[in-house]
Amino acid sequence: MNALHMTNKKLQHELDELRNENDELKKAYEKYINEQKQVEEQLQNERLLLSTIIDNIPDSIYSKDLTCRKTFVNLAEVHFMGANSASEVLGKDDFEVYPKELADLFFTDDQSVMLTGTPVLNREEYILDAKNEKRYLLSSKIPLRDKRDRIIGLIGIGRDVTDRKKAEQELKFKNLQLIQANAEKDKFFSIIAHDLRSPFNAFLGFTRIMVEELNTMSLEEIKEIVLSLRKSATNLYTLLENLLEWSRMQRGMILFHPVTFPLASLIIESVELIYGSAQKKEIEIGYDIPETVSVFADAHMVETIIRNFISNSVKFTPRGGKIKVSARKTSDNTVEISIHDTGVGMNKELMANLFRLIEQTGRKGTEGESSTGLGLIICKDFVEKHEGKIWAESEVGKGSTFYFTLPAGKL
């Protein structure tokens, strides 16, 4: 009986121990489960954090397999590829998205990275976005390896530097403008130094002669000197007028007031101011301007353009020559004005530099008239102010024709 009691007591003790062990195992299991849940939750949070960062970072991020097909893309890359979602581009290669010339470049880079294991870092390249406009990227491509260190694809990162690229291009453009402006100013001072000196030297020379020899000079000699002084004064006045006009234009002091007016009357009035010069050389000036043709333009600027062109034609047309001013309305709602002369014409080198201040295009007229080429620069700027075009056609010994266009007006 005692033995049975002892056996039961022993069994009860062992059973209690088993229950205790079971409780401990249960607690340990519950703790393990809780820890696993915490680990999984932490992993989910980290994945969510990583996904949020990758999808909201402005740089494009993607991965490709060994066949150069996309296996992962972030939102920036989806946007760069002109797609709406990742599903539209996953599994595709660049040949299915970009023009062949671009896709060939990307494929060559990808193959080089995956075959050699050498990354490409911060290489500037461009893509075409959904609007078919260029976007410039700093692109990096890094080999993607598995646990055995075998290359299984690549990871790409692209930083959009389009705004910076445009800023650099704008800066280059501004620098070129500054260089051109400085060159024009150098030319401006060169014109002042050279072309103002000649008429002033003439003045000084003639006045010295008159002061020293007036008592011994005949009336004809005095008249000849006075005529020479008048010619120098006229040339000097024309030069100063052009210099002043150019200076005001460069400083933005010339107001632009376009209005609609008939072209024929304004051209005839403009030519009348310089008609005396043409008469002295027995040059005939004709017109072919329909009364119905009108322009929407700044009258002062048009007068300046016409005067400069006619003056040049008179200078470079021999005695007894002809000048014809014509106008016609074109199909693109503009008016084309042309000034044709039977003058000495120009060679190709002179033609190429006609409207450039940095080049010397001034030359003497058929009877020694001075010319600086500055008037043509003023004409060009005034025509471009009207968003028009200006050009010339010429052949040595066969005359020249200058053209420019203005917006057509409605009367």
Side-chain angles (χ1 to χ4, degrees), residues 195 198-199 202 206 219-239 241-242 263-291 293 302-328 336-355 360-379 390-404:
D195 294 293
S198 296
F206 288 134
L219 185 59
E220 287 299 320
E221 289 174 330
I222 294 175
K223 185 178 179 180
E224 184 178 344
I225 289 178
V226 171
L227 289 175
S228 297
L229 287 172
R230 181 185 176 187
K231 182 178 179 181
S232 295
T234 302
N235 292 337
L236 183 59
Y237 176 78
T238 302
L239 175 60
E241 190 177 50
N242 279 338
L263 186 63
S265 57
L266 182 134
I267 288 180
I268 293 172
E269 290 173 5
S270 301
V271 173
E272 283 179 354
L273 297 174
I274 51 176
Y275 191 69
S277 300
Q279 280 187 316
K280 288 179 182 178
K281 295 180 71 173
E282 301 174 354
I283 294 173
E284 177 186 334
I285 300 180
Y287 304 93
D288 181 15
I289 309 169
E291 293 291 336
V293 172
V302 176
E303 287 175 0
T304 303
I305 295 168
I306 295 298
R307 275 203 317 271
N308 272 288
F309 279 147
I310 298 295
S311 293
N312 281 345
S313 291
V314 171
K315 287 176 186 176
F316 300 108
T317 297
R319 186 172 293 273
K322 294 182 179 181
I323 298 172
K324 185 176 182 179
V325 185
S326 305
R328 68 181 184 90
E336 180 186 282
I337 300 105
S338 63
I339 296 91
H340 173 74
D341 63 56
T342 58
V344 297
M346 295 174 283
N347 59 33
K348 291 182 179 180
E349 183 180 359
L350 186 59
M351 288 277 292
N353 296 316
L354 270 181
F355 303 105
Q360 178 64 45
T361 56
R363 53 179 180 156
K364 294 293 183 181
T366 58
E367 296 188 3
E369 301 98 325
S370 64
S371 173
T372 64
L374 185 60
L376 292 179
I377 307 302
I378 295 172
C379 291
I390 186 169
W391 70 99
E393 296 174 355
S394 185
E395 189 175 343
V396 175
K398 295 185 178 181
S400 303
T401 305
F402 284 83
Y403 300 87
F404 66 98

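Between the CD1 atom in I310 and the CD1 atom in I305 there is a gap of 12.0 Å [rounded to 0.5 Å]. Here M351 contributes atom CE and E393 contributes atom CD; the two are 7.0 Å apart, rounded to the nearest 0.5 Å. Note: I323 CD1 to T401 OG1 = 11.5 Å, rounded to the nearest 0.5 Å. Here L376 contributes atom CG and L354 contributes atom CG; the two are 6.0 Å apart, rounded to the nearest 0.5 Å. Note that the NZ atom of K324 and the OG1 atom of T342 stand 12.5 Å from one another [nearest 0.5 Å]. To the nearest 0.5 Å, atom CZ of residue R328 and atom CD of residue E336 are 4.0 Å apart.
The two atoms that bring R319 and K280 nearest to each other are NH1-O, 2.6 Å, heavy atoms only. In terms of heavy atoms, T317 sits closest to I283 at O-CD1, 3.6 Å. Here the shortest heavy-atom pairing between M346 and L350 reads CG-CD2, 3.6 Å. Considering all non-hydrogen atoms of both residues, G399 and S394 come closest at O-OG, 3.1 Å.
Taking a 6.0 Å sphere around CD of E224, one finds it holds 12 or fewer heavy atoms contributed by other residues, nucleotides or ligands. Around atom NZ of K322, no more than 12 heavy atoms belonging to other residues, nucleotides or ligands sit under 6.0 Å away.
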Task: Criterion side-chain contact (heavy atoms from CB on, under 4.5 Å) on E221 and I225, from CA distance to verdict - done: CA-CA 6 Å; E221 289 174 330; I225 289 178; 5.6 Å; no

- [ ] Give the C-alpha distance, both sets of side-chain angles, the deciding distance and a yes or no for side-chain contact (heavy atoms from CB on, under 4.5 Å) between C379 and I390.
- [x] CA-CA 8 Å; C379 291; I390 186 169; 4.1 Å; yes

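For F309, the ring pair (Phe, Tyr, Trp, His ring centres under 6.0 Å) test picks out F402, F404, with sequence neighbours left out. Residues passing the salt bridge (Lys or Arg N to Asp or Glu O under 4.0 Å) test with E395 are K398, sequence neighbours excluded. Partners of E303 by side chain to side chain donor-acceptor pair (under 3.5 Å), not counting sequence neighbours: none found.
The side-chain contact (heavy atoms from CB on, under 4.5 Å) with I339 is formed by just one residue from the set S313, S400, S326; it is S313.
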